[in-house]
Number of protein chains: 2
Amino acid sequence: MAGASMPAPLDGDATYADRSVAVLRTMILDGSLSPGERLNEVHLSQALGISRGPLREAVRRLTSEGLLHLVPHRGAFVPAFTSGQLADLYQLRIALETHAARLIAELEDRSGVEELATALDDAATLLDEQDSAAYPTDQDFHGTLLRLAANPALIEAAESVSARISLARSRSASQPARARAALAEHREILAALVGGDADAAARLLRAHLERSLDNATSLLDAPS
Amino acid sequence: MAGASMPAPLDGDATYADRSVAVLRTMILDGSLSPGERLNEVHLSQALGISRGPLREAVRRLTSEGLLHLVPHRGAFVPAFTSGQLADLYQLRIALETHAARLIAELEDRSGVEELATALDDAATLLDEQDSAAYPTDQDFHGTLLRLAANPALIEAAESVSARISLARSRSASQPARARAALAEHREILAALVGGDADAAARLLRAHLERSLDNATSLLDAPS
DNA sequence: CGACTCTCAACTGTTGACAGTTGTCAGAAG
DNA sequence: CTTCTGACAACTGTCAACAGTTGAGAGTCG
């Protein structure tokens, strides 16, 4: 476990527990806390400079997000997902995002899809310029997609699932070839959304996510 | 707020916080805690016979389930849903359950759908015998449906949404006519599942839930 | 040598007290 | 009468200490 410290109260009057949630989420997703690792309340709270109370609250919240696993009287563990669980998560994500895509395609106000278009163009130039393998704006695309669906409950559920997926595949950054293919697929999905073709958008998005799952699974099953 | 007391540790070694979650969830869903009502940590913890620590943990967990709303430095409130939010929740539920239905229809092992069939028959006799308006097994049908999809993440998400819907329409028990219609619709859905027709199952389930939403909305908009 | 028991250290669950914040209400000013 | 101000009461956020549980390892017995 790497050292950590509580960020200054930049976020106004956020409570210790709130800030701890953000810090821990980052630590879990960036690998500072490895899958399978057990969290020690005393050590962690000292590292964060707070007492165990707020830390426990943060741990409980992340548990309900699926980013931690709680065992009574034993503590919190960073979950290590199997490829089967990863597939389950992707299946759930497919259900949620294809629903969002249908909602967007049927929207009357079409100003939102333009936002998606510009975001994609930015991503394209970014990918060309620095030849980055990561395609960091992949999350942006899906995030924007969900936001445009304008259903808070849907957004929350989908983001929770995406966070768990990020954790499950945190060990494996996607390959350069996959990044470019993903961008192309995003473009296809966008075209369907612009055209208001809900069925096509849902079908393309499903295929896109299934390819992403395949990519992630192959990287998960063949570890370092 | 009605009085409450902590149940004896029948559930083996469940922690105080665990049991408090169950108690509070029941109190919220059965109306002991009214929508809009504010929870007082001191009073509630005394009523439950525990200290504020475990109670706070229970409150935080129910908050992440969507059954409570937390305002910093102000406390926890039982959410009062608008008809728009109820529609959002139903929309999300439709996405999740139609996905589950598709998965079931495509299952190779068809022993599960038989379980659904017998459950429906039981419900029919129950409805005929005591002429109950509540159709208490409605939740059973949808719960079984989800369980058969065999995706833990999907089950958890759907149950969270269903719980919020139950809270949103807690004030309005469904009408007798609606109960019988719902049973008939369940039978249609089941038939599609038995036949392995994923599209039909999804379409019928969507229609079923949309009618349920209409029913709930009319009762919500025309309060007592 | 293996299995069983007992002790113990480490840790989580819980508690009661303290600190900081929020909304309220009486009273003064306009 | 309305509006602002400032103290106060009630409550949530936080802390440090206590209690109960768990897993591990030394020691013992077969």
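So you know, we letter chains A, B, ... as the sequences are listed, proteins then strands, and number each from 1.
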### Task
Would you indicate whether the side-chain heavy atoms of B/Leu154 and A/Gln91 approach each other to under 4.5 Å?
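Not in contact.
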From [atom1] of [X] over to [atom2] of [N], roughly how many Å is that when rounded to an integer?
X	N	atom1	atom2	result
A/Arg56	C/dT12	CZ	P	8 Å
B/Tyr16	D/dG20	OH	P	9 Å
A/Arg52	C/dG13	CZ	C1'	7 Å
A/Leu48	D/dT14	CG	P	13 Å
B/Glu41	C/dT15	CD	P	14 Å
B/His43	D/dA9	NE2	C1'	13 Å
A/Gln46	C/dA10	CD	C1'	13 Å
A/His73	C/dG13	NE2	C1'	7 Å

### Query
With sugar-phosphate meaning primed atoms plus P, OP1 and OP2, does A/Leu39 contact a base, only sugar-phosphate, or nothing at under 4.0 Å between heavy atoms?
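If one applies the 4.0 Å heavy-atom cut-off, A/Leu39 turns out to touch the sugar-phosphate alone, with no base involved.
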### Query
With a 4.0 Å cut-off on heavy atoms, is B/Gly75 in touch with a base, just the backbone sugar-phosphate, or nothing at all?
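Contact class for B/Gly75: sugar-phosphate only.
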### Query
Does B/Thr82 offer a backbone N or O that forms a donor-acceptor pair with the side chain of B/Gln85 under 3.5 Å?
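Answer holds: yes.
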### Task
Could you tell me whether a side-chain N or O of A/Ser162 sits under 3.5 Å from a main-chain N or O of A/Glu159, the two making a donor and an acceptor?
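Not a single qualifying donor-acceptor pair exists.
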### Query
D/dG13 base to B/Arg74 side chain: any donor-acceptor pair below 3.5 Å?
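Result: no qualifying N/O pair found.
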### Message
What's the closest nucleotide to the side chain of A/Asn40 if the choices are D/dC15, C/dC11, D/dG13?
### Response
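Nearest listed nucleotide: C/dC11.
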### Message
For B/Arg38 and B/Ser51, find the nucleotide of DNA chain C closest to each by heavy atoms; which residue's nucleotide sits nearer the 5' end?
### Response
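Mapping each residue to its closest nucleotide by heavy atoms, the 5'-most match is B/Ser51.
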#### Entry: A/Arg164 and A/Ser160 side chains, donor-acceptor separation under 3.5 Å
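Yes - a donor-acceptor pair under 3.5 Å links their side chains.
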### Query
Between A/Arg169 and A/Ser212, does any side-chain donor sit less than 3.5 Å from a side-chain acceptor?
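The answer is yes; a qualifying pair exists.
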### Message
I want to check one thing: is the phosphate of D/dT14, taken as OP1 and OP2, less than 4.0 Å away from some side-chain N or O of A/Thr15?
### Response
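For D/dT14, OP1 or OP2 has a side-chain N or O of A/Thr15 closer than 4.0 Å.
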### N/O (side chain, A/Arg60) to phosphate O (OP1/OP2, C/dT12) under 4.0 Å
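Negative; the distance criterion is not met.
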